[in-house]
Amino acid sequence: MIAQLTGTVVDASQPGAVVLDVRGVGYELGVSRTTAADLPAPGTPGATLLTRLRVSENAVALFGFSTREERAVFDRLVQIPKVGPALALKILSSFTPRQLAEVVACQDVGRMTAVPGVGKKSAPRLLLDLAQAFSKDPELKAIASAATPLDLVGAGPAPTGGPSVVEEATAALLAMGLTPQEAEVVFEGLPDDATVEQAVRYALKRIGGRP
């Protein structure tokens, strides 16, 4: 397993990729825009990237990260159904790990759908999957604990006049396959201060979908 590479950036002209020369061997790595921006100018020696090697039926690909936090989030993202390395890098290009932790904590569908490749139907499910990951995975939990609302500054414009908690939770339920009739009645008795994630879990518990 290749865990880290240190060398000279020889090509960063292609979006989402860099070529790193390590003792005469050129490694092409997929990277987020955040990592690409952290790299020194081409020709500068001593560039270090943490790496992950991904092997699929069609390809063997290497990915590079400027921080352990970013690599940890990438590792979890690619475990989510229908989230491959390409989409994971798009998400990491849109948010730093701490910004993503805040988006997940807020269950911010609006910001998540701003990521290319994330639609209105897939965003609620993705946010719920990530909420579970950030609450259970020790490394991601540490990222979430360190995040603050200020981390969202620069993460893209916040939607104005956006949907209510119940509206966003309803959209999440519909994306999971519930009917509009089922979604219409399951929020009776929901506390006024509930978050979107809490509302979804409350609804699923009422219909017996989840504990």
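FYI, side chains are in, hydrogens and waters are out, and symmetry mates aren't considered; it's all heavy atoms of this structure.
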Are Q107 and T195 side-chain neighbours, meaning at least one heavy-atom pair lies under 4.5 Å?
-> no
Considering all heavy atoms, the nearest G119-T113 contact | O-CG2, 3.6 Å
Distance col, row L50:CG vs F74:CZ, nearest 0.5 angstrom, shows 12.5 Å
If you measure only the distance, is there a donor-acceptor pair under 3.5 Å linking the side chains of N58 and S56?
-> no
Separation of R71 CZ from T35 OG1 (nearest 0.5 Å) | 11.0 Å
Value rounded to 0.5 Å, distance of CG in L39 from OG1 in T44 | 10.0 Å
For T34 and E70, does a side-chain donor sit closer than 3.5 Å to a side-chain acceptor?
-> no
Quick one: does E139's side chain get under 4.5 Å of R76's, heavy atoms only?
-> no
Test side-chain hydrogen bond (donor to acceptor under 3.5 Å, both in side chains) applied to S93 and S32, step by step = CA-CA 5 Å; S93 292; S32 69; 4.7 Å; no
State, with a plain yes or no, whether a side-chain heavy atom of L130 is found less than 4.5 Å away from one of L77.
-> yes
Taking all non-hydrogen atoms of both residues, which atom of S66 and which atom of D38 are closest, and how far apart?
-> OG-OD2, 3.0 Å
Minimal non-hydrogen separation, A123 against V109, with atom names | CB-CG1, 4.1 Å
Does a salt bridge link D129 with R125, judged by any charged N lying under 4.0 Å from a carboxylate O?
-> yes
Ignoring hydrogens and angles, write down the donor-acceptor pairs under 3.5 Å from the side chains of residues 17-29, residues two or more places apart or on other chains.
from : atom 1 : to  : atom 2 : distance (Å)
D21  : OD1    : G24 : N      : 3.2

Salt bridge present between R98 and E69 (N-O < 4.0 angstrom) | yes
Are any of the side-chain heavy atoms of L127 and D108 separated by less than 4.5 Å?
-> no
Side chain proximity check, I91 to V73, heavy atoms < 4.5 angstrom | no
Heavy-atom closest contact (L87 atom, P116 atom, distance) = CD1-O, 3.6 Å
